[in-house]
Amino acid sequence: MRSFIFISLIVLSISLSCSDGEHFEIKGKVKGIDAGIVYLGTKKHESQYGINPGDSAVLKNGRFVFKGSVKIPQRRYIKIKKQIGSIPLFLENSEITIKTNQDKYPNAEIQGSVTQAKYENYTAKVEQYNDSIKIIDKTIQKAIKNDNQSKANHLKKKYSEALHTKFKYIEDYMLSDAPSILRLFVYDRARVLFQYNILDSLYTSLDSSVYSTDMAKNLRKKIENLEKVQPGKSYINLTLKDTAGNKVSLSDYVGDNYVLLYFVYLCPYMDLLPKGFPGLHEKYHKQGLQLFGVYADTDPFYWKNTIEENKLKWPFVSDLKGGNSIVFEKYGNVNMFFHYLIDKDGKFIGKYKSAKEIEKELKKRIGR
């Protein structure tokens with residue numbers, strides 16, 4: 001009996017010892033704020049002003065403590081009640097120290113989280129790229145102000161190259177051996193239209209432990225939407241209405257022609273009639289090119305005005321439901337930024353950003 005109890009105590013001791021490494025302890029020190037309430041929580045997105053509290057602690061004599069555990073490193077935020085902003089950090093099962101003061105908050109010195117340290121190294125590098133880009137931009141503005149257009153044009157090329165270098169670094173980081181949660185977060189924060197193969201490679205290289213996160217689920221959904229319009233995939237039919245209320249289907253035009261499908265909506269960075277499209281119609285329509293435009297917004301005035309003002313000679317249809325349109329459901333938000341060529345077999349040829357890119361493809365097929 002005694003040996004059984006002794007063995008049980010050993011097992012319990014080992015169990016407790018092993019579990020010690022599966023918990024976190026955050027020790028915070030705030031200079032200049034002696035008392036208050038501190039919250040530990042999440043955000044739905046980084047730009048969210050407040051946080052969604054999951055735990056709270058008392059700030060006493062400028063110190064607070066949080067204890068708990070996480071299955072995988074996670075993005076969390078610490079907010080002191082009645083103070084503006086929150087301290088972002090990557091929380092993992094370790095002893096983490098946070099130091100800040102009333103004037104510095106929400107900026108803080110964070111130690112003890114390996115994931116946090118790696119993220120800070122990443123952001124430091126990105127800031128170097130941003131600083132270089134800002135310097136070039138200021139030099140461009142100065143050249144324009146001094147009416148030195150040739151210098152400005154030269155600098156614009158350097159600006160474009162600097163942006164490309166920055167985005168290449170982000171892309172490489174996403175596919176690196178950095179922790180999966182970090183690579184996911186970097187992708188989510190980048191706000192860049194990465195190619196399908198890059199996103200697919202990112203997703204398949206992730207540790208399975210992060211697949212249940214919202215970021216991974218959103219990435220998977222984006223990949224599925226991008227996959228719909230990959231070259232060789234069958235086109236997705238749309239049936240909408242013209243301004244007279246008549247039903248018009250994309251399928252009415254696919255088969256006899258090459259179809260140029262495009263989407264537009266009200267946005268400061270988007271023309272409701274993409275530049276160069278009237279020229280493509282005039283040059284290639286008789287050779288078998290059919291344009292098919294989709295107005296994915298809600299205001300009928302701009303829809304009708306675009307047709308009348310430009311005397312459009314091709315279908316320009318809508319359901320005036322904006323973000324609730326069947327268009328977004330079928331094609332996905334991520335695909336709205338591009339134009340698509342569909343061949344006579346109803347297969348996507350590719351996606352394009354400009355009339356120039358489209359014409360280059362058309363010349364290979366019908367513009368000889």
Next item on the list: Look up atom CD1 in Ile140 and atom CG in Asn153, then write down how far apart they are to the nearest 0.5 Å.
Entry: 9.5 Å
Item checked: Asp319 (side chain) donor-acceptor with Lys321 (main chain) under 3.5 angstrom -> yes
Check: OH/Tyr262 to CH2/Trp314 distance, rounded to the nearest 0.5 angstrom?
Finding: 5.0 Å
Notebook entry, point to check: Closest heavy-atom contact between Lys330 and Lys228?
Noted result: O-NZ, 2.8 Å
Item checked: Heavy-atom pair with the smallest gap, counting every atom of Arg183 and Leu202 -> NH1-CD1, 3.6 Å
Notebook entry, point to check: Given the rule that I, L, V, M, F, W and Y join up when any side-chain heavy atoms are under 4.5 Å apart, are Ile84 and Tyr39 in one cluster?
Noted result: no
Next item on the list: Would you mind telling me which of Gln128, Lys134, Glu127 makes a side chain to side chain donor-acceptor pair (under 3.5 Å) with Asn130?
Entry: Glu127
Item checked: More than 12 heavy atoms from other groups under 6.0 Å of CG on Asn107 -> yes
Item checked: All side chain to side chain contact (heavy atoms under 4.5 Å, CB included) counterparts of Lys31, not counting sequence neighbours -> Asn101
Next item on the list: Output the distance between atom CG (Leu206) and atom OG1 (Thr213), rounded to the nearest 0.5 Å.
Entry: 8.0 Å
Item checked: CA sep, side-chain torsions, deciding dist, call: Ile26, Leu91, side chain to side chain contact (heavy atoms under 4.5 Å, CB included) -> CA-CA 9 Å; Ile26 302 173; Leu91 182 59; 3.6 Å; yes
Check: Looking only at heavy atoms, which two atoms of Ile136 and Lys158 are closest? And how far apart?
Finding: CD1-O, 3.9 Å
Check: Closest heavy-atom contact between Lys222 and Leu199?
Finding: CD-CD1, 3.8 Å
Next item on the list: May I ask you to check whether Tyr211 and Tyr203 place their ring centres under 6.0 Å from each other?
Entry: yes
Check: Heavy atoms, side chains only, cut-off 4.5 Å: are Ile87 and Ile110 in contact?
Finding: yes
Note to self: Could you check whether any side-chain N or O of Ser160 sits under 3.5 Å from a backbone N or O of Lys157, counting only pairs where one atom can act as donor and the other as acceptor?
What the structure shows: no
Next item on the list: For atom OH of Tyr302, decide whether the heavy atoms of other residues, nucleotides or ligands shown that lie under 6.0 angstrom number more than 12.
Entry: no
Notebook entry, point to check: Are there more than 12 heavy atoms of other residues, nucleotides or ligands under 6.0 Å from atom NZ of Lys67?
Noted result: no
Note to self: Quick check with a 6.0 Å cut-off and a 45 degree axis cone: is Lys166 positioned over the face of Tyr129's six-membered ring?
What the structure shows: no
Margin query: Against His339, only a single residue in Tyr352, Phe277, Phe292, Phe348 fulfils ring pair (Phe, Tyr, Trp, His ring centres under 6.0 Å); can you say which?
Written below: Phe277
Note to self: Tell me if the NE2 atom of His45 is crowded by more than 12 foreign heavy atoms within 6.0 Å.
What the structure shows: yes
Check: Do Phe90 and Phe185 have ring centres separated by under 6.0 Å?
Finding: yes
Margin query: Between Asp207 (side chain only) and Ser209 (backbone N and O only), is there a donor and an acceptor less than 3.5 Å apart?
Written below: yes
Next item on the list: State whether the number of non-hydrogen atoms from other residues, nucleotides or ligands found under 6.0 Å of Lys151 atom NZ is greater than 12.
Entry: no
Next item on the list: List the atom of Arg189, the atom of Arg75, and the distance in Å for their closest heavy-atom pair.
Entry: NH1-NH2, 4.3 Å
Checklist line | Hydrophobic cluster membership, Leu193 vs Leu219, 4.5 Å side-chain cutoff | finding: yes
Check: Same cluster or not: are Phe301 and Trp303 linked, directly or through other Ile, Leu, Val, Met, Phe, Trp or Tyr residues, by side-chain heavy atoms under 4.5 angstrom apart?
Finding: yes
Item checked: Side-chain ion pair, Glu361 and Lys364, N-O less than 4.0 Å -> yes
Note to self: In this structure, is the centre-to-centre distance between the rings of Tyr169 and Tyr122 below 6.0 Å?
What the structure shows: yes
Margin query: For the CG atom of Asn225 and the CD atom of Glu329, what is their distance to the nearest 0.5 Å?
Written below: 10.5 Å
Margin query: Donor-acceptor check, side chain of Glu92 to backbone of Val114, threshold 3.5 angstrom: yes or no?
Written below: yes
Note to self: With rounding to the nearest 0.5 angstrom, report the NZ to CZ distance, Lys360 to Arg365.
What the structure shows: 13.5 Å
Next item on the list: List the atom of Ala143, the atom of Leu155, and the distance in Å for their closest heavy-atom pair.
Entry: CB-CD1, 4.5 Å
Notebook entry, point to check: Are Phe167 and Ile135 connected in the hydrophobic side-chain network, where two residues link if heavy atoms are under 4.5 Å apart?
Noted result: no
Margin query: If you count heavy atoms of other groups shown closer than 6.0 angstrom to CD of Glu25, is the number above 12?
Written below: yes
Note to self: As an exercise, state the distance from CG of Asp345 to OH of Tyr258, rounded to the nearest 0.5 Å.
What the structure shows: 8.5 Å
Check: Does NZ in Lys81 sit with more than 12 non-hydrogen atoms of other residues, nucleotides or ligands closer than 6.0 Å?
Finding: no
Notebook entry, point to check: Is the number of heavy atoms from other residues, nucleotides or ligands within 6.0 Å of NZ (Lys344) greater than 12?
Noted result: yes
Checklist line | 4.5 Å side-chain heavy-atom contact, Pro300 and Tyr295 | finding: no
Check: Under 4.5 Å between side-chain heavy atoms, hopping through other hydrophobics if needed: is there a path connecting Leu40 to Val65?
Finding: no
Item checked: Verdict with supporting geometry, Glu282 and Lys313, salt bridge (Lys or Arg N to Asp or Glu O under 4.0 Å) -> CA-CA 10 Å; Glu282 291 299 322; Lys313 299 175 181 178; 3.4 Å; yes
